[in-house]
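To start, the structure itself, in structure tokens.
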Protein chains: 2
Amino acid sequence: MDNLEEILSLDNNGKHVNAAKGSTLQTAGAQSNRAFYVKKGLLRSYTIDSKGKEHIFMFASEGWLIADIESQEFEQAAELFIDCLENSELIIFNRSCFKIANLSVPQLKKNAHLLARRTAVLQRRVIMLMSASAQERYQHFLETFPKLPNRVPQRMIASYLGVTPQALSTIRGRLAKKS
Amino acid sequence: MDNLEEILSLDNNGKHVNAAKGSTLQTAGAQSNRAFYVKKGLLRSYTIDSKGKEHIFMFASEGWLIADIESQEFEQAAELFIDCLENSELIIFNRSCFKIANLSVPQLKKNAHLLARRTAVLQRRVIMLMSASAQERYQHFLETFPKLPNRVPQRMIASYLGVTPQALSTIRGRLAKKS
DNA sequence: AGCAACCATTCATCTAGATTAACAAATGAC
DNA sequence: GTCATTTGTTAATCTAGATGAATGGTTGCT
């Protein structure tokens, strides 16, 4: 048994829900610390900075788990907003489901794999943000998430990459001309 | 028992070694995927980009574990260099010590906490890189790692922050004047 | 259908931080 | 100690990408 959905559902704590495109699941500042497993659809998590600008932290499509790990680990108010980019089917887990002390051995193992995978993705993201140009980051994004561009507006990809929509548009124009 | 050193040493697979300041523990491109627990001293991990520029990914002082999680998770050649910034006492673990399948329950739990903590730190780092100015990142660094500035050359802090040493010097000048 | 909101593109301008360079201070090797 | 290397600082330019604004294309609401 290595299906995430099965493993997480072992204790039947997850609540199955449908969420409409545009609905908000978590608001920064609130105390609600839940995790969302995406059975179908697409979510995003993001911050809003002091100037009111959105910065997308991650996208989560089918089979992904999205949560504000930082707030949960340090027991702080949420820093991330989470909302639906498509009508989605979710399983919602509350904090206690992920309390390491409470987990069974298969859950612990699955959890360790999930975290390791996530850490690996973040390691790459940090390195890209520090060392690569906007164009390189865009090309890396296309390679890593080839299906997302069809489902996500340009401006959100720009937000994920850490550039403005205008800059991304210019980059795309440059790449199109080149080929 | 929640001391990392004890937990990790349960199976006696860790090798205790002393490493001199300046010595290299891991080279990007090599296959050696080990983890280093710092008993004493200070390590760093970093990449070198296509233009030959170094980018520090993390510092690890007493009690920290440093490793190239991305390469290990995806079973690739190392992407990070790891070396000593001070004479250090280390415990070196090889890959198999962290194979999730092999771990005992207390090791699994410790591992989950370690990864969650690391993920949380990386989440914050990504958000800072996307949304904060160089000066804000520097101030956040000082708050988060108040002891490191005394042990690490300025230029390495700049590298960690993703700016040039000149830019950091200017920021420091500006902050000093202000206060 | 008709209107409003949102979205992507293009262009002109601006700015944070990179680059280059010169110099002083600290560190280390012998 | 002396000399060489590395480090931090300051200042003059340069540039990737931000900002602001105008335009046309989509999407969605009623």
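In what follows, chains are A, B, ... by sequence order, proteins preceding strands, each numbered from 1.
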Residue list, ring pair (Phe, Tyr, Trp, His ring centres under 6.0 Å) with A/Phe145, at least two apart or on another chain: A/Phe141
Where protein sits on nucleotides 21-30 of chain D, one letter per nucleotide: B base, S sugar-phosphate only, - none, heavy atoms under 4.0 Å: B---------
In residues 124-132 of chain B, what donor-acceptor pairs under 3.5 Å come from side-chain atoms, sequence neighbours left out?
{"residue": "B/Arg124", "atom": "NE", "partner": "A/Glu70", "partner atom": "OE1", "Å": "3.3"}
{"residue": "B/Arg124", "atom": "NE", "partner": "A/Glu70", "partner atom": "OE2", "Å": "2.9"}
{"residue": "B/Arg124", "atom": "NH2", "partner": "A/Glu79", "partner atom": "OE1", "Å": "3.0"}
{"residue": "B/Arg125", "atom": "NH1", "partner": "B/Phe57", "partner atom": "O", "Å": "2.7"}
{"residue": "B/Arg125", "atom": "NH2", "partner": "B/Ile56", "partner atom": "O", "Å": "3.2"}
{"residue": "B/Arg125", "atom": "NH2", "partner": "B/Tyr160", "partner atom": "O", "Å": "2.8"}
{"residue": "B/Ser131", "atom": "OG", "partner": "B/Ile127", "partner atom": "O", "Å": "2.8"}

Touch class at under 4.0 angstrom, heavy-atom based, for B/Lys53 against every strand present: sugar-phosphate
Touch class at under 4.0 angstrom, heavy-atom based, for A/Gly22 against every strand present: nothing
Using the test side-chain hydrogen bond (donor to acceptor under 3.5 Å, both in side chains), find all partners of [X] that sit at least two apart in sequence or belong to another chain.
{"X": "A/Asp83", "answer": "A/Arg44, A/Tyr46"}
{"X": "B/His113", "answer": "none"}
{"X": "B/Asn111", "answer": "none"}
{"X": "A/Ser133", "answer": "A/Glu136"}

Intra- and inter-strand pairs of DNA chain D in dot-bracket (Watson-Crick or G-U wobble, both distances under 3.5 Å; | for another strand): |||||||||||||||||||||||.||||||
[N] [atom2] sits how many Å from [X] [atom1], rounded?
{"X": "B/Tyr138", "N": "C/dA16", "atom1": "OH", "atom2": "C1'", "value": "18 Å"}
{"X": "A/Arg174", "N": "D/dT15", "atom1": "CZ", "atom2": "C1'", "value": "12 Å"}
{"X": "B/Leu168", "N": "C/dG17", "atom1": "CG", "atom2": "C1'", "value": "12 Å"}
{"X": "B/Lys51", "N": "C/dT19", "atom1": "NZ", "atom2": "P", "value": "7 Å"}
{"X": "A/Ile171", "N": "C/dC11", "atom1": "CD1", "atom2": "C1'", "value": "16 Å"}

All pairs passing salt bridge (Lys or Arg N to Asp or Glu O under 4.0 Å) where residues 100-109 of chain B contributes a residue, at least two apart: none
Heavy-atom side-chain proximity of B/Pro149 to B/Leu142 below 4.5 angstrom: yes
N or O in side chain of B/Thr164 less than 4.0 angstrom from C/dG17 OP1/OP2: no
Pairs under 3.5 angstrom, nitrogen or oxygen only, protein versus nucleotides 4-7 of chain C, please.
{"residue": "C/dC7", "atom": "OP1", "partner": "A/Arg155", "partner atom": "NH1", "Å": "3.4"}

Given C/dG17, D/dT10, C/dT9, the nucleotide with the shortest approach to the side chain of B/Ala134: C/dG17
Pairs under 3.5 angstrom only: tabulate donor-acceptor contacts from the side chains of residues 164-171 of chain B to other protein residues two or more places apart or in another chain.
{"residue": "B/Thr164", "atom": "OG1", "partner": "B/Ala167", "partner atom": "N", "Å": "3.2"}
{"residue": "B/Thr170", "atom": "OG1", "partner": "B/Gln166", "partner atom": "O", "Å": "3.0"}

With sequence neighbours excluded, residues passing salt bridge (Lys or Arg N to Asp or Glu O under 4.0 Å) with A/Lys99: A/Glu75
Residues A/Gln135, A/Arg174; criterion side-chain hydrogen bond (donor to acceptor under 3.5 Å, both in side chains); working and verdict: CA-CA 9 Å; A/Gln135 177 172 324; A/Arg174 192 160 57 226; 3.1 Å; yes
Nearest-nucleotide comparison on DNA chain C, the residue closer to the 5′ end among A/Val152 and B/Val163: A/Val152
